[in-house]
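Since we're looking at a predicted model, the values are computed, not measured. Counting begins at 1 with the first residue of the sequence.
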Amino acid sequence: SLGQPACRTESGQRVPLVRLNASHGCLLACSFCGDGWSRQLHVVPGDDLAEELEEIEATFPQLRCIYIGDKTFGQSPAAVENLIRVLGSR
């Protein structure tokens, strides 16, 4: 069955898997992809990422997996730095 997305801990327990985006969009316009139609990349401010992560932690205290969902991860050094700062403080 395709229930709630989850991953497994070392003990095999299923826990929620949530998605966190540090940026949206793409600077490129590849012919095979629909994500670059605007050729703009929007970085989620670090404070907004931190707030979202706090909400995720409050909602899913057993959370052990976070999926970084940026489709163009690394295209924005600022987005990567925000993730490192926010996740590194945990």
Visitor: Where do Pro61 and Ala58 come nearest, in terms of heavy atoms and distance?
Guide: CD-O, 3.9 Å
Visitor: Examine distances only and state if a side-chain atom of Ser76 and a backbone atom of Ala79 form a donor-acceptor pair shorter than 3.5 Å.
Guide: yes
Visitor: Taking all heavy atoms of Arg85 and all of Asp47, pick out the closest pair and write down the distance.
Guide: NH2-N, 4.0 Å
Visitor: Could you give the distance from CG (Leu41) to CG (Leu28), rounded to the nearest 0.5 Å?
Guide: 9.5 Å
Visitor: For the atom pair NZ (Lys71) and NE2 (His24), what is the distance rounded to the nearest 0.5 Å?
Guide: 10.5 Å
Visitor: Are Val18 and Leu87 connected, step by step, through hydrophobic side chains (Ile, Leu, Val, Met, Phe, Trp, Tyr) whose heavy atoms are closer than 4.5 Å?
Guide: yes
Visitor: So does Cys26 get a backbone contact from the side chain of Gln75, meaning a donor-acceptor N/O pair under 3.5 Å?
Guide: no
Visitor: Please determine whether residues Val43 and Val80 belong to a single hydrophobic cluster, defined as Ile, Leu, Val, Met, Phe, Trp and Tyr linked transitively by side-chain heavy-atom distances below 4.5 Å.
Guide: no
Visitor: Between Leu49 and Ile68, is there shared hydrophobic-cluster membership here, with clusters defined by ILVMFWY side-chain heavy atoms closer than 4.5 Å?
Guide: yes
Visitor: Taking Tyr67's backbone N and O only, do any of them form a donor-acceptor pair with Arg19's side chain (distance below 3.5 Å, no angle check)?
Guide: no
Visitor: Check whether Val44 and Val86 end up in the same hydrophobic cluster, where Ile, Leu, Val, Met, Phe, Trp and Tyr are linked by side-chain heavy atoms less than 4.5 Å apart.
Guide: yes
Visitor: Heavy-atom distance under 4.5 Å between the side chains of Leu20 and Leu83, does that happen here?
Guide: yes
Visitor: Let me confirm one number: the CG-CG distance from Asn21 to Asp70, rounded to the nearest 0.5 Å.
Guide: 5.0 Å
Visitor: Report the residues that fulfil side chain to side chain contact (heavy atoms under 4.5 Å, CB included) with Glu51, sequence neighbours left out, ordered by chain and then residue number.
Guide: none
